[in-house]
Each structure stands twice: as C-alpha cells, then as structure tokens.
There are 2 protein chains.
Amino acid sequence: MPQAENLKKSGLKMTLPRMKILALFESGSERHLSAEEVYRQLLQAGDDVGLATVYRVLTQFEQAGLLVRQHFDNGKSVFELNQGEHHDHIVCLQCGRVEEFYDAEIEARQAQQAAARGFEIQGHVLHIYANCLKDDCPHRR
Amino acid sequence: MPQAENLKKSGLKMTLPRMKILALFESGSERHLSAEEVYRQLLQAGDDVGLATVYRVLTQFEQAGLLVRQHFDNGKSVFELNQGEHHDHIVCLQCGRVEEFYDAEIEARQAQQAAARGFEIQGHVLHIYANCLKDDCPHRR
DNA sequence: ACGCAAATGATAATCATTCTCATTTGCGTT
DNA sequence: AACGCAAATGAGAATGATTATCATTTGCGT
Ligand SMILES: [Zn+2]
Ligand SMILES: [Zn+2]
Ligand SMILES: [Zn+2]
Ligand SMILES: [Zn+2]
C-alpha cells in the first residue's frame with residue numbers, strides 16, 4: 001500500500017472513509033471522479049459516509065498531493081490519482097469522455113511565455129474541448 | 001457603434017442595461033470583468049440594474065459572440081470583449097492580475113494532439129497560474 | 001482498556017448563478 | 001404623438017455545488 005504511506009506522512013489518520021475513497025481511485029475503474037460520483041459509489045457499495053466527509057477528504061488528498069483536481073469549463077470538477085506525470089485533458093462535449101495527453105513542447109512554451117512576462121509559473125490548466133468520433137458518442141443536433 | 005450592429009443582428013433589443021454593460025467593456029478601463037464586478041460598477045455609476053439582468057445580458061452577449069467567457073480555476077469566471085483574435089491567459093495567484101498571450105506553436109500542437117486521438121477540436125482553455133513580480137502584488141505567506 | 005485530539009456525519013450556511021413572475025420598456029404601427 | 005404587445009427588466013426566491021458548524025464517534029498512543 002504505497003498510498004497509505006503518503007497519508008501518514010501528511011499527518012492524516014488512516015480512517016475508514018479515507019481508505020474507502022482512496023481505494024476507489026486506486027481500483028482504477030474510473031480515473032476521473034467528481035465528489036458527487038465518489039459519494040454515490042460509496043453509498044452503492046454500502047459504505048455509510050457523509051457527503052461533507054467526501055468533500056473534506058478529497059480536498060485533504062489534493063493538499064497532500066495524493067489527488068489532482070481538474071476544474072472543467074462547465075463548472076464541475078473531478079479528481080484523479082496523482083501519479084507524478086503531469087498531463088492535460090481532452091474532453092468530449094457530446095459524451096463527456098476524457099482523454100489525457102502530454103506535449104513537451106507545449107509545456108516548454110508555457111514556461112517561456114510566463115517567464116517572458118515576469119511571472120513565476122505555479123501551474124496551468126489546458127483543457128481541449130472537442131467532439132469525439134467514437135461509435136457510442138451521441139452526435140445529436 | 002460597431003457593436004450595436006451585432007446586437008441587432010442577434011435579435012436583441014437595444015435596451016438601457018444592455019448598452020450600459022456593453023459600454024463598460026468598450027470603455028476599456030478593465031478588459032476582464034466578472035458579473036459581480038459589472039454589477040458593482042453599474043451601481044457606482046448610478047445606473048439601477050438588477051444583478052439578474054447582468055447575468056442574463058452577459059450570457060446573451062456571449063451567445064451573440066460579443067463577449068467571451070473565461071472560467072478560472074477558483075470557480076470565478078470573467079468576460080471580455082470578443083475582438084476576434086484568440087488568446088490565452090496568465091493569472092496571478094496573489095493579486096488576480098490577468099495577462100494575455102498567444103503562442104502559435106502551442107495552438108498548432110493542440111490541434112495535432114486532438115486530431116491524433118480522433119477528436120474534432122471545438123475550443124480549448126489554457127490558463128497559466130503564477131505569481132507575478134509586480135510591485136503592488138502582495139507576496140504574503 | 002483509557003483518554004483525547006482528530007475525524008465524522010447531519011444539517012445549516014454560503015456563494016455564484018438561474019428561475020419566477022409581476023411590472024416596465026423598446027419599438028413597429030396607427 | 002399615442003397604442004399595443006412581445007421582449008426585457010428587477011426583486012426576490014430557488015438552485016446546485018461546496019463549505020462551515022457542532023455534537024458524536026473513532027483512531028491510536030499510552
Ligand atoms: Zn487525467
Ligand atoms: Zn464523444
Ligand atoms: Zn500578482
Ligand atoms: Zn483575455
């Protein structure tokens with residue numbers, strides 16, 4: 001259990017809700033989960049957690065570096081396991097599918113642009129909104 | 001008044017609140033304004049508009065292509081005049097200062113990444129979060 | 001097994017945004 | 001210039017996501 005270590009190091013107790021939530025992300029069935037989705041999945045699994053705890057724990061995990069939070073343009077935000085390698089996202093406007101990508105050149109250019117303006121870059125958000133061409137994607141309208 | 005034309009074309013009446021709001025953006029004192037900021041500025045100017053109207057009008061202007069909305073990571077969103085040329089943003093985490101930039105290579109790479117995964121790109125959000133080194137920026141903590 | 005700070009969960013509170021609806025306004029027509 | 005009516009407005013209620021409160025429970029060192 002490599003993550004449990006990080007939990008300890010962050011000064012967080014190993015409680016039941018925290019383990020359940022961490023397990024959800026580690027199980028890997030869904031990589032990107034919103035707070036509401038985490039809550040629902042726990043309820044379905046019979047675990048009795050409060051929504052407030054879910055929000056609290058997700059935020060704590062983010063601060064501890066275990067999870068990364070993504071704010072999408074529609075106002076919703078999702079969390080995903082922080083596996084060290086940074087990446088950006090492509091989101092399908094039709095079906096909500098999320099894919100990840102990493103482009104070293106894009107990353108480098110951002111650093112340049114920030115530096116050129118006298119900013120110390122702390123992070124960035126790059127979300128590409130698109131329509132995917134997958135078979136099960138509803139291309140209505 | 002070039003913008004008034006676009007208003008007409010969008011089937012929107014030329015009402016007082018709409019002209020006031022448009023004027024705010026065209027005056028150019030502040031390029032990026034949140035709904036709340038627009039509301040406050042109108043009140044200070046003695047104009048009696050409702051907050052609901054501000055939200056409504058901003059959304060209508062966005063749909064009419066007059067304004068562009070930017071959702072920032074802190075959950076806030078701002079609007080700016082749509083002047084045709086796309087650009088991305090650097091936001092100072094300390095003082096909220098917003099600067100704009102455009103990098104053709106970054107734009108091109110995004111298109112490549114999306115295409116390579118079978119997505120038809122519709123748009124993107126690129127926000128760099130940083131600390132600026134301006135004199136009046138509070139580097140607390 | 002004990003004790004206490006940390007964590008939880010039910011609920012209320014907050015914040016931005018949207019909705020409702022009675023009243024007002026823009027504007028094409030007499 | 002006065003009419004008429006759909007479109008627009010504004011005050012306040014409603015919403016949805018997130019955060020705060022606080023009494024109760026739990027993890028964990030002793
Ligand atoms: Zn991801
Ligand atoms: Zn799709
Ligand atoms: Zn600054
Ligand atoms: Zn801008």
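Order of the sequence lines sets the chain letters (A, B, ...), proteins ahead of strands, with each chain counted from 1.
- Put simply, CG on L58(A) is 13 Å from P on dG9(C), counting in whole angstrom units.
- Residue T53(B) places at least one side-chain N or O closer than 4.0 Å to OP1 or OP2 of dG10(D).
- Take Q113(B) and apply the side chain to side chain donor-acceptor pair (under 3.5 Å) test, not counting sequence neighbours, and it matches D103(A), R117(B).
- Atom CD in Q60(B) sits about 12 Å away from atom P in dT18(C), given to the nearest Å.
- For the 3.5 Å distance criterion, the side chains of E100(B) and H32(B) qualify, holding a donor opposite an acceptor.
- In this structure, M19(A) places its CE atom 14 Å from P of dA7(C), rounding to the nearest Å.
- Side-chain atoms of R109(B) do not come within 3.5 Å of backbone N or O of E105(A) as any donor-acceptor pair.
- Looking at residues two or more places apart in sequence or on another chain, you find a side chain to side chain donor-acceptor pair (under 3.5 Å) between Q70(B) and E80(B), H127(B).
- Atom CG of L16(B) is separated from atom P of dT9(D) by 9 Å (rounded to the nearest Å).
- Between H124(A) and H86(A), the distance from one ring center to the other falls under 6.0 angstrom.
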May I have the step-by-step check of salt bridge (Lys or Arg N to Asp or Glu O under 4.0 Å) for K134(A) and E99(A), ending in yes or no?
CA-CA 12 Å; K134(A) 307 297 191 294; E99(A) 289 197 22; 3.3 Å; yes
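- Where T15(B) and Y39(A) meet DNA chain C, the nucleotide closest to each residue was compared, and Y39(A) sits on the side nearer the 5' end.
- How far CD of Q41(B) is from CD of E36(B): 11.5 Å, rounded to the nearest 0.5 Å.
- Per the geometry, NZ belonging to K20(A) stands 15 Å off C1' belonging to dA7(C), to the nearest Å.
- Both M14(A) and V49(A) are assigned to one and the same hydrophobic cluster, defined by single-linkage of ILVMFWY side chains at heavy-atom distances under 4.5 Å.
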Tabulated below should be each protein N or O lying under 3.5 Å from an N or O of nucleotides 1-7 of chain D; please produce it.
residue: dA7(D); atom: O4'; partner: K13(B); partner atom: NZ; Å: 3.2

Walk along nucleotides 13-24 of chain D from 5' to 3' and tag each nucleotide B, S or - by protein heavy-atom contact under 4.0 Å, base first, then sugar-phosphate.
----SBBBB---
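- The cluster map of Ile, Leu, Val, Met, Phe, Trp and Tyr, joined by side-chain heavy atoms under 4.5 Å apart, puts L81(B) and M19(B) in the same cluster.
- A114(B) meets the side chain to side chain contact (heavy atoms under 4.5 Å, CB included) test with I90(A), I128(A), F119(B), I121(B); sequence neighbours excluded.
- The terminal axes of the helix from dA1(C)-dT30(D) to dT30(C)-dA1(D), fitted over 5 pairs per end, subtend an angle of 30° to the nearest 10°.
- Under a hydrophobic clustering in which Ile, Leu, Val, Met, Phe, Trp and Tyr are joined whenever their side-chain heavy atoms come within less than 4.5 Å, directly or via other members, V68(A) and Y102(A) fall into different clusters.
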